[in-house]
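What you see below is based on every heavy atom in this structure, not just the backbone, and it leaves out hydrogens, waters and symmetry mates. This one's a predicted model, so the numbers in the text were calculated from it and none came from an experiment. Just so we're on the same page: letters track the sequence lines, and every chain starts at 1.
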Amino acid sequence: MDPTSLDFQEALSLITEGTSVESSIYVPLLQECIERNSVSEAQVIHGHIVKIGTHEDLFLMTFLVNVYAKCEAMENARKLAFRVFIEMLEVGAYPTNYTLGVVLNACCLMYAIGLGKQIHSCIVKYDIEYDTSVGNALGSLYSNCGNLNSAVKAFLKIREKNVISWTTVISSCGDNRDSGMGLRFFGKMLSEGVGPNEFTLTSILSLCCVMQALSVGSQTIKTGFLSDVVVGTALVNMYNKCGSIERASKAFVEMSTRTLISWTSMITGFAQHGCLQQTLQLFEDMRLVGVRPNKITFVGVLSACSHAGMVDEALAYFEMMKNEHKIKPVMDHFACVIDIFVRLGCLDEAFEIIKKMDFEPNEFIWYTMIAGSRSHKNLELGFYAAELLLKLNPKNSETYVLLLNTYISAGRWQDVSRVRKLMKDEKIGKLKDWSWISIKDKVYSFKPDFQFRPQCEEADQLLADLIEKAKNHGYEPQGDLGVTDEQDEETTFSTIHHSEKLAVTFGLLNTSNAVPIHVIKSTSMCQDCHSFIKFVSILTAGEIIVRDSKRLHKFVSGCCSCGDFGSLLQLFLELNW
DNA sequence: GTAGGGTTAG
């Protein structure tokens, strides 16, 4: 009988009956265990391998380590992976490079950095850091644990770097927020004559999202692999994140197959761009073709409702998610619903939801509550939320700016002094307000009041002109308020030279009006910049996209995709403390 | 036949 012609269950029962089978049957069976996420079946096969004495087969045992490492069904499965490795050592096997790679990958999946480092020392001792599979596995271990430096070091030590080595280091850069370095590695890879594959391209598209490097992404994709569903989804996602909803829809429509993730990417894209109707329509289309939404899809749908202020719709989708799709709401879903109530000024309803939730609210929920309390003049609730936020997030400069703004605008100087003292004690630094603009794939960075900018005089003149013109259209600058507290510490707000104003002005000088301006910002936008850029989008009749630390703002004809409520923005961002 | 890819608002 040819064992490979058996189906999984038949083959498994042969093994349990103790029938002798050829060792070639184990690999496809174990492979199927990974797909079925079935630890118990893998254990049956494992037992059999040991029983008939095949356990000295290095390849087979290495594969078994891999199976246990990849099964997430049982908490102990991954511990089994290490036990098999130790058993291998105990029978006197000398681990091959592949074995070490697999074990490192198990460490990576379990975030077992300590154990990974021990194995790394063995690798150094054996002097095999140069080996391709060992180096690649080391690279992904360090990358997964957030240590980009060590990941790059591991990559550089590989003697014969293959496409997987390059892809690993490029995606490490993306995962660890150094897109610039990722793109440089990509350039180096091409110059060394290594051709990218669909895996590399997906990682590159993801880097381009962060960099707003639309044209790098568009050019990259000409290399091919468009038929790959993951590449297609990454492309849709890149266009969305770079603010081009039109190109994203085009890429989405042109895909030959779509997975749940593809649908969810496009739904989320419409939501971020403030297109409620398209979001809901696409959600319906998805259901009609029989793809079941998951919790992330519902985050997209609910956030679209929140941008549009549609509370009844949001609650209906919330119920649909629970009842029809049996998805248990998580914090993200509650946060969307709370956000809608806050935007509409229904703070009590929002607070009721917080009280009824099964979990402790996270910092974003308190952030929303504080901003809403401030704009809807419910100071006590605002202070309450602010103190809770401080407890949750005591190291973040933005939290303190929010708190100080709240207390200063209420004239509560005792609290202002207390917060200032806390900041000193906690060694909280000044907010790092930076903006970047990408023009013809070159990235220019700006910080507030930066004196040595390119085209400084020209840009300042243009900014002054724009402010004047915007004022004629009804713009009321909110910066430059002098506030004196009881300790006579002069606190001034200067929003005129916030980094995004400088970046947008520089963009206007250096791009044609037909091209949208893309700015990325390190903190969240302040109310003044938000309002100013709305006027600029009227004055220039162009599109301006600012991706700040909290959300995407696409300004067209005086409106912003974030819902234009304005109430959930920082009052001012800069304080001289 | 062991290593690398895509979705989460606020």
Side-chain angles (χ1 to χ4, degrees), chain A residues 27-28 30-31 34 58-67 69-70 96-106 108 131-141 143 158 162-172 174-175 196-206 209 225 228-238 240-241 259-269 271-272 293-307 330-340 342-343 362-369 371-372 524 549-552 562-563 568:
Chain A
V27 171
L30 288 171
Q31 190 91 51
I34 300 180
L58 260 184
F59 170 72
L60 211 47
M61 295 312 277
T62 302
F63 203 88
L64 202 52
V65 174
N66 187 38
V67 174
K70 283 190 174 152
T96 63
N97 299 349
Y98 281 138
T99 312
L100 290 171
V102 165
V103 174
L104 281 174
N105 188 41
C108 186
D131 178 80
T132 313
S133 59
V134 167
N136 291 349
L138 274 176
S140 46
L141 170 74
S143 164
I158 301 171
N162 62 10
V163 62
I164 296 175
S165 321
W166 288 100
T167 306
T168 307
V169 78
I170 289 168
S171 74
S172 306
D175 293 342
N197 62 14
E198 60 270 49
F199 288 78
T200 328
L201 290 191
T202 306
S203 299
I204 292 298
L205 288 175
S206 212
C209 288
F225 301 107
D228 184 283
V229 66
V230 181
V231 173
T233 306
L235 186 70
V236 167
N237 197 31
M238 181 198 71
N240 275 332
K241 292 257 166 71
T259 61
L260 167 64
I261 299 182
S262 324
W263 285 97
T264 303
S265 293
M266 196 61 228
I267 286 172
T268 308
Q272 284 188 321
N294 69 1
K295 62 177 182 181
I296 299 173
T297 323
F298 276 103
V299 171
V301 171
L302 291 174
S303 71
C305 295
S306 110
H307 287 180
V330 295
M331 185 89 75
D332 300 346
H333 302 119
F334 285 109
C336 288
V337 178
I338 290 168
D339 179 80
I340 306 183
V342 168
R343 283 172 189 250
N362 64 9
E363 57 182 280
F364 298 107
I365 291 182
W366 291 130
Y367 189 93
T368 308
M369 288 304 285
S524 44
S549 62
K550 295 238 155 37
R551 67 186 103 196
L552 180 92
C562 76
L568 301 185

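Every residue two or more places apart in sequence or in another chain that forms a side-chain contact (heavy atoms from CB on, under 4.5 Å) with Leu60(A) is listed here: Tyr26(A), Val27(A), Ile49(A), Thr54(A), Asp57(A). Considering only residues two or more places apart in sequence or on other chains, Phe199(A) meets the side-chain contact (heavy atoms from CB on, under 4.5 Å) condition with Thr167(A), Asn197(A).
When the P atom of dG4(B) is taken as reference, atom CD1 of Ile170(A) falls 15 Å away, rounded to whole Å. In this structure, CZ of Phe334(A) is placed 21 Å from P of dT8(B), rounded to the nearest angstrom. With rounding to whole Å, Asp175(A) atom CG is found 10 Å from dG5(B) atom C1'.
Nearest to the side-chain atoms of Lys241(A) among the listed nucleotides dT7(B), dT2(B), dA3(B) stands dT7(B). Listed candidates were dG6(B), dA9(B), dA3(B). Nearest to the side chain of Thr132(A) is dA3(B). Side-chain proximity of Phe59(A) to the nucleotides dG1(B), dG6(B), dT8(B) is greatest for dG1(B). Listed nucleotides: dT7(B), dG10(B), dA3(B). Nearest to the side chain of Thr368(A): dG10(B). Of the listed nucleotides (dT2(B), dG10(B), dG6(B)), dG6(B) has the atom at the smallest distance from the side chain of Thr202(A). In this structure, the nucleotide among dG4(B), dG10(B), dT7(B) sitting nearest to the side chain of Asp339(A) is dG10(B). Among the nucleotides dG4(B), dA3(B), dG6(B), the one closest to any side-chain atom of Ser171(A) is dG4(B). In the set dA3(B), dT7(B), dG10(B), dA3(B) carries the atom at the smallest distance from any side-chain atom of Ile164(A).
Residue Asp332(A) places a side-chain atom within donor-acceptor reach of the base of dA9(B), judged by atom type and a 3.5 Å distance cut-off alone. Contact of Thr233(A) with dG6(B) (side chain to base): a donor-acceptor pair of N or O atoms is detected under 3.5 Å. No hydrogens or angles were tested; on distance alone, a donor-acceptor pair under 3.5 Å links the side chain of Asn197(A) to the base of dG4(B).
No engagement by Ala137(A) is indicated, since no non-hydrogen atom pair under 4.0 Å with the nucleic acid exists. Within 4.0 Å of Ser262(A), counting heavy atoms only, lies at least one base atom of the nucleic acid. Using a 4.0 Å heavy-atom distance criterion, Thr96(A) is classed as making no nucleic acid contact. Contact annotation for Thr268(A): backbone-only contact, meaning every heavy-atom pair under 4.0 Å involves sugar-phosphate atoms and none involves a base. Within the 4.0 angstrom heavy-atom criterion, base atoms lie near Thr264(A). At the heavy-atom level, Thr62(A) lies under 4.0 Å from base atoms of the strands shown. At the heavy-atom level, Val231(A) lies under 4.0 Å from base atoms of the strands shown.
Inter-residue side-chain proximity for Val342(A) and Ile338(A) is flagged as met; some heavy-atom pair is nearer than 4.5 Å. Counting heavy atoms from C-beta outward, Asn294(A) and Thr297(A) have side chains that approach closer than 4.5 Å. Considering only heavy atoms from C-beta on, Thr96(A) comes within 4.5 Å of Thr99(A) through its side chain.
Geometrically, Lys550(A) does not engage Phe364(A) in a cation-pi contact, judged by NZ or CZ lying under 6.0 Å from the ring centre and within 45° of the ring axis.
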